[in-house]
**Student:** 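Sharing a structure, written as structure tokens. Questions coming.
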2 protein chains.
Amino acid sequence: MTLEIPEVVINRLPVYARALAALAMDGETVVSSQTLGERLDVTPAQIRKDLSYFGRFGKQGRGYNVLGLLAKLREILGLDRKWQVALVGVGRLGQAIAEYGGFEPQGFQIVAVFDSDPAAVGTTVNEVVVRDSEELDTFLRQNPVDIGVVAVPAHAAQQVVDRLVNAGIRAILNYAPMMPHVPLDVAVRNIDPVLAMQSMTFYIKRQDLTGAK
Amino acid sequence: MTLEIPEVVINRLPVYARALAALAMDGETVVSSQTLGERLDVTPAQIRKDLSYFGRFGKQGRGYNVLGLLAKLREILGLDRKWQVALVGVGRLGQAIAEYGGFEPQGFQIVAVFDSDPAAVGTTVNEVVVRDSEELDTFLRQNPVDIGVVAVPAHAAQQVVDRLVNAGIRAILNYAPMMPHVPLDVAVRNIDPVLAMQSMTFYIKRQDLTGAK
């Protein structure tokens, strides 16, 4: 266990991996921490420090081997395999998530879908049959998945998270506008558009004040 | 202009503000950086350093005045006023965004909605009439809004972003699975569930390896 690696470092690794994949697509074979940093708005020193948690990459003054570092990051993050995902909630948001084109190419496959609405149960969403949420525990114990995605209303979300955790899931992506409580050994990420908006108003406000329109 | 404040610091301020609001709701009047840090998984030193960009808060050994710091953060971020939002794209995702309950209580009001589908134009989404995307430029120049939300397919997203920027918008929340290019004076935040998932697989993978199931 390498508990000493800060979560913020882990959160940056997928961003590095994505940038390296783009560089590889462009035919680049070597990249400096300077160039990588400029693409990502991260200081070169930060990139070098983040990567140093996982060993020695690149040679002084030579930069990183693009494909080599990409392969290593994919291995560290577990992106070199497939991950199975269960989605709970198939309202408009849940359906949009099920149809989101970004997951499958990155190895995330929605293999189970649940909803508590009798009208939704038995229908199919992106070729997966919607099961009754009542069956969630039983089904996931018999058919373990890696990640749970929560797309239910805020008032129902904590209960759904608890059930996913009880069914053995250790990673939860939460779209409900609330912060779920989870045990320490469960990873949770909240899709939080309000925080994203609130971090932008600082900049618009400043432009208003300085008259830079 | 206070350009020297790192963007990551700005991104943390709304999180602090939210935690302070929760503490105020619980009737707490004073909070230490230690306690605040424990709630947020941030070190007390980081909190003190982040806040130091904006002046002196709290007294040594006494902690922060909850309501006082909250009011100051809200002022810094511009959360003490209303912000007008334009939404582009009213497919399933766009409709889910329009109906998302988290925006309005935080001062973000969707006042204009656009779509290029003739079947959608003229319908209403959350009491706002859907306008033809062709009218976007003209309408937004006459009725300026603060923030643009992009909920169109990836292949159409850059064009929509360009049009929002040309219409004067300086803050964009992008839900499309791509990274839009914007001028330096435009803030953009990407809702990126894949990066969120990829930062969790590190932890599940590790648990698999160590047998901690």
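Proteins get letters first, then strands, A, B, ... in listed order; numbering begins at 1 in each. Values in this document were obtained by computation on a predicted structure and should not be read as measured data.
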**Student:** Heavy-atom distances under 4.5 Å only: say whether E99(B) touches chain A with side chain, backbone, both or neither.
**Tutor:**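 Interface part for E99(B): side chain.
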
**Student:** Calculate, to the nearest 0.5 Å, the distance between atoms CG and CD belonging to L13(A) and Q198(B) respectively.
**Tutor:**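 Output value for this atom pair is 10.5 Å.
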
**Student:** Flag yes if more than 12 heavy atoms outside E28(A) fall under 6.0 Å of its CD atom; otherwise flag no.
**Tutor:**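 Yes, because the 6.0 Å sphere around CD of E28(A) holds more than 12 heavy atoms from other groups.
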
**Student:** How far does CE of M197(A) sit from CZ of R189(B), to the nearest 0.5 angstrom?
**Tutor:**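 That separation rounds to 12.0 Å.
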
**Student:** Is chain B contacted by the side chain of I172(A), its backbone, both, or neither, given a heavy-atom distance below 4.5 Å?
**Tutor:**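 It is the backbone, since no side chain atom gets that close.
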
**Student:** Report the distance from atom CD1 of I204(B) to atom CD1 of I169(A), rounding to the nearest 0.5 Å.
**Tutor:**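 One gets 9.0 Å once the value is rounded to the nearest 0.5 Å.
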
**Student:** Pick whichever of V85(B), I76(B), V188(B), V149(B) has the most heavy-atom pairs under 4.5 Å with chain A.
**Tutor:**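 Most pairs with chain A among the choices: I76(B).
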
**Student:** Which atoms form the tightest heavy-atom contact between P14(A) and L195(B), and what is the distance?
**Tutor:**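 P14(A) and L195(B) have their closest heavy atoms at CB-CD2, 3.5 Å.
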
**Student:** Looking at M179(A), E7(A), M200(A), which one has more heavy-atom pairs under 4.5 Å with chain B than the rest?
**Tutor:**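 Ranked by heavy-atom pairs under 4.5 Å with chain B, first place is M200(A).
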
**Student:** Can you check whether G78(B)'s main-chain N or O pairs, donor with acceptor, with T201(A)'s side chain at less than 3.5 Å?
**Tutor:**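 Between the backbone of G78(B) and the side chain of T201(A) there is no qualifying donor-acceptor contact (under 3.5 Å).
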
**Student:** If you check every heavy atom in residues 105-115 of chain A against those of chain B, which residues fall under 4.5 Å?
**Tutor:**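 If one takes a 4.5 Å heavy-atom cut-off, the residues of residues 105-115 of chain A near chain B are Q106(A), F108(A).
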
**Student:** Would you mind checking which part of Y175(B) comes under 4.5 Å of any heavy atom in chain A, side chain (CB onward), backbone (N, CA, C, O), both or neither?
**Tutor:**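 Both backbone and side chain.
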
**Student:** Please rank A151(A), A96(A), G102(A), A176(A) by heavy-atom pairs under 4.5 Å with chain B and give me the top one.
**Tutor:**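 The residue among A151(A), A96(A), G102(A), A176(A) with the greatest pair count is A96(A).
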
**Student:** With rounding to the nearest 0.5 angstrom, report the CG to NZ distance, L79(B) to K205(A).
**Tutor:**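 Rounded to the nearest 0.5 Å, the CG-NZ separation comes to 9.0 Å.
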
**Student:** Picking from R18(B), R12(B), Q95(B), which has the most non-hydrogen pairs under 4.5 angstrom with chain A?
**Tutor:**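 With the most close heavy-atom pairs to chain A, the winner is R18(B).
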
**Student:** Would you compute the distance between atom CD1 of I5(B) and atom OH of Y203(A) and round it to the nearest 0.5 angstrom?
**Tutor:**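 Separation between the atoms: 8.0 Å.
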
**Student:** Relative to chain B, which of A17(A), A171(A), G91(A) shows the most heavy atom pairs under 4.5 Å?
**Tutor:**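 So the answer, after comparing A17(A), A171(A), G91(A), is A171(A).
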
**Student:** Looking only at heavy atoms, which two atoms of I191(B) and P193(A) are closest? And how far apart?
**Tutor:**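 What the structure gives for the nearest pair is CD1-CA, 3.9 Å.
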
**Student:** What part of M178(B) lies closer than 4.5 angstrom to a heavy atom of chain A: side chain, backbone, both or neither?
**Tutor:**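 It is neither, since no heavy atom gets under 4.5 Å.
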
**Student:** Please determine, among L93(A), V8(A), I10(A), the option with the most heavy-atom pairs under 4.5 Å with chain B.
**Tutor:**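 The answer is I10(A).
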
**Student:** Hey, could you give me the CD1/CZ distance between I97(A) and R92(B), rounded to the nearest 0.5 Å?
**Tutor:**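 Going from the CD1 atom of I97(A) to the CZ atom of R92(B) covers 12.5 Å.
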
